[in-house]
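Notes to accompany the following structure.
Naming convention: chains lettered A, B, ... in sequence-line order (proteins, then strands); numbering from 1 in each chain.
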Amino acid sequence: MADTTQDNSGSRGGLFGDGFDLGRLLLEGRAFFALIAIIIVFSMLSPFYFTVNNLLIMSSHVAIFGLLAIGMLLVILTGGIDLSVGSTLALSGVVAGALMQGVELQMFGVTLYPPVWVVAILACATGAFVGIINGVLVAYFKVPAFVATLGLLYVARGVALLMTNGLTYNNLGGREELGNTGFDWLGFNRIFNVPIGVIVLAVVAILAMLMLNRTALGRWIYSTGGNARAAELSGVPVKRVTVLVYVMSGVCSAIAGLVLSSQLTSAGPTAGQTYELTAIAAVVIGGAALTGGRGNVRGTLLGAFVIGFLSDGLVIIGVSSYWQTVFTGAVIVLAVLLNSIQYGGRKRSSPKTTGTPPSSTPKAKQA
Amino acid sequence: MTRDDGTPAIGDVVLSARNVAKSFGNVHALKGVNFDVHYGQVTTLFGENGAGKSTLMKILSGVITPSSGEIVLDGAPVVFHSSTDARDRGISIIHQELSLAPNLSVRDNIFMGREITGPRGVDYAEEERQSRALMEELEEDIDPRTPVEDLRLGQQQVVEIARALSVNSRILIMDEPTSALSASEVEVLFKVIRDLKARGVAIVYISHHLEEALQITDHAVVLRDGAMTANAPRDQIDLEWIVRNMVGENFDLGSPPEGHGIGEVALSIRDLDVPDASGKDRLAVDGVSIDVRAGEIVCIYGLMGAGRTEMMECVAGRLRSNGGSVTLLGEDVTRLRISERIARGLVLVPEDRQRDGLVQTMSVGQNLSLASISEFTRGLFTSNRRESGIVQDSIRDVHIKTDGGGAAIGSLSGGNQQKVVIGKMLATKPKVVMLDEPSRGIDVGAKAEVFGLLAEGARDGLAVLYSTSEVGECLSVAHRIIVMARGRIAAEFGPDATKEQIMAASGEAVAA
């Protein structure tokens, strides 16, 4: 629909490429309308829903899903899928938790307490490492993305359980005299009353938008998902792009893990279970095609907000958690249904002026 | 399905197309064709790629419906609503790419979609008995329980035929049945065809191997550019007659550009070996050496499977070579990646633009700029202004008819899509450009434009290497014509060669 008829006047080029155009946003914005509808309906049902405080609390929940979903979007844009994000979130959180307890170096008989910024970097490195394994399996060993990342879903979760023996690190505060305080800053502090988690999400989203719209890598990601063979013959390093998107997804998961552990003031190996499905749902609700090549950060963020605001709204009006699950599922199916109507409709409406008969099988061209 | 007036005699017309036309958008694939199929005889359809053979066969077998004209079966006009409809009336088609499920057994394939069911589900014993009977009839020693993937291609072809026979087909259409067969398998197939003829089956046969087809055919029909150009029984025709009618007086695709001076050797391919993709010990390209000079246009002619595509994809860096070297402007690029070769000025315009050339999810402009992103990237970020400059230049230089860089790829005609792929590679400012079947699936006017672009490029010092399977296109802008057959260079000609010489060298006119 609207996203195929891109502005071609040559003057396009806001900071984010295709830009924030309200008209187009409304046109393509199923997710946007859904979000508005959710906010209106719950505001009528509960006086507490549409308050600044509640919106901020819900946003900090959304931040977790949003971070995972942006990483997931990058993978889905290349035509892949990353099922390991929930486990990576837990593993990174646990790594951070373990580091906060101090690293005992038996060889030297000392225990190191790394400062929080080192902890954050090492947690992100953990996520990146999981991403590298995913990416190398998919790109170089031709393991189907679904299977490779499903494997990592189990492995990362298992490693997290092994590291903690199934227990949860509850003491993440650090101690003044050790110089490792400040971990709770991510989850609890606010800047201008906005939770840090939401700000982190905004920063990651802006970086992802810039990357997708204004860098060569972004173009490579879209072309890899649109047609990897054509991209490869055009000089796109398809394999390296594939590895990179999984690494970025892993890092996004790790950031989400840090924010979540900080919000909960605990790092547990069972955190983030089934979050990968929520992230996929957010990407799909945001209009991305699971076949790759179509989708954007704006839609994905909207998708994350739709899911977050819906489930929190159901909690606020006191709907049982069983019904919450049903509603969430229905919204996801509806979104995918609209997607296929959108993309199916596009195929029908495109003029059949191609030189080859519509069937693109090799048969047709050897006539 | 016997007719009221008794059994038909050999040679009676059982199926015919009357003035059948078919258009896809504004491309006229068939322009009013008359075509007869004879009882107990083989009718062979000759024609170059894009002549409309497959379209006509799809109409006869109910896969597509004609835009106008009618189909007459046993003297009465019929309309096929689907291929199942046609099959129920006794018309079966065996496609060039076999439509068997490789994981299933011969029996399951033969009865796929019309399983014999009894009170206890599928009656496998009965299916097996019938399959065995069919195999005996075709004198092929194949166990019906063998998985199809374990069979040789020739045997798989026999399974396809058995499937067609199991529905009592009276009319059997075979599209290039020998293209993947060895010589001995072709013999088996021909024996089967003779048996079928004796049983009164009418056969429509399509092949590029002209002499091979002449061995088996009773009638010859030649199509060219969607129209029937000739039609005669076997005893009135010979090879030369077919070639003359197939090729005809071609649209003028230009002549080799002259007077700009041919430069140094730009691309030098030495003893290139490329393994066959099927993993057999065979080489798809076997010791090929080609030099192309700056400003020179070289054409590679060959049949399907001659190794043209493999050779070009290997030179471009997509396929690995088994041996040999590729030198670009004196630099050995044999070990470089695709992107590195593009950066050094060696590009490929692939054969199948839908599969290898275009990213359908991106706009015309994004496709055009895909291979030259570094040209409009400053530091970390791309420059929209410079990108649209490159896109505008490309659209103008290769004469793409589009609403602008933002238009969807699918809104362009085949010829313009092809120009997008060519424009994309030319935007990288290459020194050597290879084009694999650049004229495939585009109309004659667009062909002339594409060849005009090649001539233009050569005048500006570009080294051009293009491949074709249409002999008329060899004798256009090329300074030299290299004929490939079965992975090797079979012959080399100047621009004054005749079509017959080129076709003979390619093996097209010799029995496989």
Side-chain angles (χ1 to χ4, degrees), chain A residues 4-15 17 77 210-211 213-220 222-239 289 291-295 343 346-347 349-367, chain B residues 24-27 29 49-55 95-97 175-176 304 316 318 337-339 342-343 348 350 352 354-363 365-366 370-371 373-374 377 380-382 384-385 388 392 404-408 410-415 417 424 440-443 446:
Chain A
T4 54
T5 54
Q6 281 173 3
D7 181 14
N8 55 40
S9 60
S11 65
R12 81 183 154 110
L15 189 58
L77 280 177
L210 277 173
M211 184 192 73
N213 292 317
R214 293 298 307 276
T215 69
L217 178 59
R219 204 59 74 76
W220 289 348
Y222 278 107
S223 61
T224 298
N227 185 346
R229 292 178 64 107
E232 190 192 7
L233 276 180
S234 302
V236 175
V238 168
K239 286 182 175 156
T291 46
R294 290 184 208 277
Y343 293 134
R346 178 180 298 153
K347 265 178 211 140
S349 65
S350 69
K352 284 184 179 175
T353 49
T354 46
T356 45
S359 65
S360 61
T361 55
K363 275 295 297 108
K365 287 165 195 157
Q366 281 149 9
Chain B
F24 298 103
N26 42 22
V27 176
N49 287 336
K53 300 186 302 278
S54 284
T55 308
H95 293 285
Q96 186 176 1
E97 282 82 28
D175 192 356
E176 295 256 11
M304 271 183 57
R318 157 59 103 23
R337 279 195 291 268
I338 296 176
S339 52
I342 292 175
L348 168 68
D352 187 334
Q354 305 297 341
R355 196 186 59 184
D356 297 331
L358 298 169
V359 181
Q360 299 283 0
T361 52
M362 307 205 322
S363 66
Q366 288 173 329
L370 182 60
I373 296 178
S374 59
T377 303
L380 199 57
F381 295 115
T382 54
N384 287 316
R385 194 176 51 76
S388 68
Q392 297 306 328
S411 69
L412 301 189
S413 68
Q417 289 186 359
K424 171 177 75 176
R440 185 162 141 178
I442 62 179
D443 60 45

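Summarising the geometry, atom CD1 belonging to Ile338(B) is positioned 4.0 Å from atom CD belonging to Glu232(A); distances are rounded to the nearest 0.5 Å. If you take CE on Met362(B) and OG on Ser223(A), they are separated by 5.0 Å, rounding to the nearest 0.5 Å. Distance CH2/Trp220(A) to CD1/Ile373(B): 6.5 Å, rounded to 0.5 Å.
When each of Val236(A), Leu233(A), Thr215(A) is checked for heavy-atom pairs under 4.5 Å with chain B, Leu233(A) comes out on top. Your options are Ala230(A), Gly235(A), Gly226(A), Ala216(A), and the one with the most heavy-atom pairs under 4.5 Å with chain B is Ala230(A).
Nearest heavy-atom pair, Arg229(A) versus Asp356(B), reported as atom, atom and distance to 0.1 Å: NE-OD1, 2.5 Å.
Using a 4.5 Å cut-off between heavy atoms, Leu358(B) touches chain A through its backbone atoms (N, CA, C, O) alone.
Proximity of Tyr222(A) to Val359(B): side-chain heavy atoms (C-beta onward) are nowhere separated by under 4.5 Å. Contact of the Arg337(B) side chain with the Pro237(A) side chain is not registered, since no non-hydrogen atoms from C-beta on lie closer than 4.5 Å.
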request  = Given side chain to side chain contact (heavy atoms under 4.5 Å, CB included), test Asn227(A) with Gln360(B) step by step and report yes or no.
outcome  = CA-CA 7 Å; Asn227(A) 185 346; Gln360(B) 299 283 0; 5.9 Å; no
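In terms of modelled atom types and a separation under 3.5 Å, the side chain of Arg214(A) and the main chain of Phe381(B) share no donor-acceptor contact.
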